[in-house]
**Q** 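Sharing a structure here in structure tokens format.
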Amino acid sequence: MNTKVLGFILLMTIASSKCSRILFIQPSFSKSHVMPLQTLAKELANRGHEITFVSVFPFDKKIENYRDIKLEIEGEFKVLFNEASKGMTGGVQFFKMFPIFKKLVFGYSNHTINSPVIQKLMKDEKFDLVAVGYFLSEFLLGFADHFKCPSVVFASSSHVSSLMNIVGNPVSPEGTFSAMSNSKESNFINRVKNFLIYGVEFVLFRGYFYYKSKNVYDYNFPPDRYRSYDEMIRNVSLVLVNTHFTSSGPRPLLPNLVEVGGLQVKPNPAPLPEDLKTFLDDAKDGAILFSFGSNAKSIYIPEDKQKIILKVFSKLKQRVIMKWESDVLPGKPKNVLISKWLPQDDILAHPNIKAFISHCGYGGVIEAKSNGVPIIGIPLGADQKGNADKIVEEGWAVRLDMTDITEESLTNALKEILSNPKYRDIVGKQAILAKDRPMNAQDTAVYWVEYVLRHNGAPHLHYPGADLNFFQANSIDVILFIFAVIYAAFKVIKLICGFIFCRSKKGSNEKLKRN
Ligand SMILES: *[C@@H]1O[C@H](CO)[C@@H](O)[C@H](O)[C@H]1NC(C)=O
Ligand SMILES: *[C@@H]1O[C@H](CO)[C@@H](O)[C@H](O)[C@H]1NC(C)=O
């Protein structure tokens with residue numbers, strides 16, 4: 001069959017499949033959490049669905065079938081927002097940032113739901129599907145009850161237990177390591193450690209965050225008018241997670257927990273803006289990308305380290321593209337181009353890019369891997385240290401912590417990555433592995449969302465184990481019951497034996513007496 005015929009059939013299928021109104025809500029303050037979901041929304045709009053996307057980061061261009069609803073970050077939240085990104089770059093420890101995250105996640109989302117634009121949306125409109133961006137934000141599932149439609153949850157990072165809990169996916173601590181742990185081998189000590197880490201995660205997410213999130217739900221979706229929080233979690237049709245076993249390792253997954261890792265990596269890179277294109281095309285000796293992603297900001301790198309980094313860059317024959325969130329960079333070397341926002345994925349796809357200096361956020365690592373670009377990892381916090389260690393172990397990155405940056409260490413790291421072919425070879429092979437799938441990430445995600453639409457929420461995917469409580473799900477009640485039965489049986493046998501033994505003893509005693 002030639003491609004024209006195929007294309008025609010494809011068009012016919014698109015035309016004949018029902019177009020639906022889909023509401024996407026992702027109130028996260030982190031652009032890297034919003035972007036993959038936007039990719040999916042854009043794909044769905046492309047195929048004729050009518051998309052409404054609520055987020056802090058609207059597209060700057062108008063897209064057909066696609067409506068952005070911009071959430072404003074004002075007042076208190078603006079301050080918190082800046083503090084969060086400052087803290088993340090400064091490598092402030094997670095638990096110190098915790099109160100800020102908490103206010104941003106719960107406070108800001110609650111504020112969002114109560115904003116006039118959203119209240120109007122809830123009053124005036126109808127949707128066929130609600131897609132919620134997951135960032136400890138199960139309370140947003142109230143929208144699915146409000147619009148009386150099925151719901152899909154999208155998670156941009158790893159498999160945390162609260163995410164897996166949504167569809168009742170087993171956590172399997174015996175063979176799958178927590179994102180917070182960096183062990184790999186299933187020996188006894190590691191399994192004990194992993195079990196404990198999962199335990200902490202369980203208490204934190206299923207206890208504390210559950211309670212916080214339920215509060216926001218109950219306030220916005222009160223029980224006299226809406227179904228309960230737990231009921232709405234159990235009612236989720238599909239969870240899409242932006243991971244893939246080629247990066248995060250194999251694990252048991254239910255059919256309604258689908259890995260779509262690399263969703264934000266376009267199958268074909270988009271053309272670069274003219275200035276970036278010429279800068280890269282003319283980089284005869286290659287180029288390096290320097291970016292700390294969308295949350296952390298390079299302008300908050302400690303000043304002494306900034307100086308060192310620029311000095312080292314100025315001595316390179318390669319060109320450097322640097323994400324820099326200001327119009328000026330004092331002492332900017334000639335071979336460095338700065339920009340406030342960069343199409344990272346498209347830049348990494350350019351053949352002249354030789355290395356990526358990254359904070360090792362999950363998205364950046366996946367993009368580098370898919371494009372076969374080795375990394376110099378400067379992890380800042382959260383899961384980034386684990387990500388950095390993992391890719392160092394895979395053999396296509398070197399790790400250099402912010403505190404260890406000196407002229408010498410940075411020069412050596414660059415020299416190693418740029419001149420030793422090992423790194424490029426390994427990541428090239430990994431790129432091939434990551435792309436070898438029956439359907440690419442975008443098509444997979446679209447397929448499953450449309451599947452849910454086609455089958456009215458696809459309740460047949462619902463796993464019966466999802467409705468059980470902790471004791472039931474881990475068969476603790478069954479094990480206790482079996483022990484109780486064995487114990488009871490043992491007791492009864494003992495009693496019977498005792499009885500028989502007594503009687504026979506009595507009998508023999510009587511015999512003795514008679515003799
Ligand atoms: C949510 O916001 C409203 C008003 O903006 C406030 O009155 C309420 O206490 C908040 N609820 C929670 C659980 O944060
Ligand atoms: C969600 O709840 C509705 C109403 O009870 C039900 O018809 C539907 O099958 C449920 N969906 C899933 C996926 O459990």
Side-chain angles (χ1 to χ4, degrees), residues 20 22-23 25 27-29 54 71-78 80 98-123 126-132 134-154 163-169 207-240 253-258 448-468 473:
S20 307
I22 307 176
L23 173 66
I25 312 175
S28 173
F29 52 92
V54 179
L71 299 171
E72 302 297 337
I73 309 183
E74 311 133 319
E76 177 201 8
F77 293 114
K78 195 157 190 171
L80 288 171
F98 191 69
I100 299 178
F101 282 137
K102 202 177 71 186
K103 272 191 215 149
L104 277 173
V105 171
F106 299 111
Y108 186 63
S109 302
N110 178 44
H111 173 78
T112 301
I113 302 173
N114 288 291
S115 66
V117 271
I118 302 299
Q119 289 297 318
K120 186 164 180 306
L121 196 78
M122 290 175 77
K123 213 171 108 237
K126 281 198 165 55
F127 293 96
D128 304 312
L129 182 76
V130 169
V132 166
Y134 180 80
F135 194 73
L136 299 173
S137 47
E138 288 97 334
F139 50 84
L140 294 172
L141 292 169
F143 283 104
D145 192 28
H146 181 87
F147 295 114
K148 297 278 173 276
C149 66
S151 58
V152 172
V153 169
F154 177 85
L163 178 74
M164 316 237 297
N165 169 54
I166 293 175
V167 287
N169 199 84
Y208 181 73
F209 287 131
Y210 170 87
Y211 173 77
K212 293 291 287 180
S213 176
K214 188 171 181 301
N215 265 352
V216 180
Y217 183 94
D218 288 342
Y219 176 83
N220 292 290
F221 306 101
D224 56 328
R225 282 183 289 141
Y226 289 97
R227 293 164 71 184
S228 77
Y229 178 68
D230 292 312
E231 236 179 298
M232 284 323 286
I233 291 180
R234 288 289 161 256
N235 203 232
V236 169
S237 297
L238 170 71
V239 172
L240 294 172
L253 292 177
L254 288 170
N256 56 352
L257 204 165
V258 179
W448 282 104
V449 170
E450 289 188 332
Y451 184 93
V452 166
L453 284 165
R454 271 198 301 277
H455 303 291
N456 304 317
H460 58 279
L461 292 180
H462 184 80
Y463 173 52
D467 304 320
L468 305 177

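Both counts, for ligands and for their atoms, begin at 1 and track the order of listing. One-based numbering along the sequence shown.
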**Q** When the ring planes of Phe147 and Phe127 are compared, do they come out parallel, tilted or perpendicular, using 30° and 60° as the limits?
**A** perpendicular
**Q** Search all heavy atoms of Arg234 against all heavy atoms of Ala466 and return the closest pair with its distance.
**A** NE-O, 2.6 Å
**Q** Under 4.0 Å from atom 7 (O) of ligand 2, is there at least one protein heavy atom?
**A**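 It does not: no protein heavy atom is found less than 4.0 Å away from atom 7 (O) of ligand 2.
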**Q** Between Ser237 and Tyr451, does any side-chain donor sit less than 3.5 Å from a side-chain acceptor?
**A**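 Per modelled atom types, Ser237 and Tyr451 side chains form no pair under 3.5 Å.
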**Q** Could you report the tightest heavy-atom contact between Val153 and Ile166, atom names first, then the distance?
**A**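 Distance-wise, the nearest heavy atoms are CG1-CD1, 4.2 Å.
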**Q** Report the nearest protein non-hydrogen atom to atom 4 (C) of ligand 1: residue, atom name, distance rounded to 0.1 Å.
**A** Tyr219 OH, 3.8 Å
**Q** Polar-atom distance check: Asn110 versus ligand 1, any N or O pair below 3.5 Å?
**A**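 Among all N and O atoms of Asn110, at least one is under 3.5 Å from an N or O of ligand 1.
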**Q** Atoms of ligand 2 less than 4.0 Å from Pro459 heavy atoms?
**A**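 With Pro459 as reference, the close atoms of ligand 2 come out as 9 (O), 13 (C).
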**Q** Run the numbers for me: atoms of ligand 2, each under 4.0 Å from some heavy atom of Gly457, listed by number.
**A** 13 (C)
**Q** Among all the protein's non-hydrogen atoms, which is closest to atom 2 (O) of ligand 2, and how far away is it?
**A** Asn235 ND2, 2.4 Å
**Q** To the nearest 0.5 Å, how far apart are CH2 in Trp448 and CG in Leu461?
**A**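 Trp448 atom CH2 to Leu461 atom CG measures 6.0 Å (nearest 0.5 Å).
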**Q** Over 60° means perpendicular and under 30° means parallel, so classify the ring planes of Phe106 and Phe139, tilted if in between.
**A**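 Plane angle between 30° and 60°, so tilted.
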**Q** Measure the distance from atom 5 (O) of ligand 2 to every protein heavy atom, then report the residue, atom name and distance (to 0.1 Å) of the closest one.
**A**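 Heavy-atom neighbour on the protein nearest atom 5 (O) of ligand 2: Arg227 NH2, 3.5 Å.
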**Q** Check each atom of ligand 2 against the heavy atoms of Ser237 and keep those under 4.0 Å away; list them by number with element.
**A**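 Selected atoms, number and element: 13 (C).
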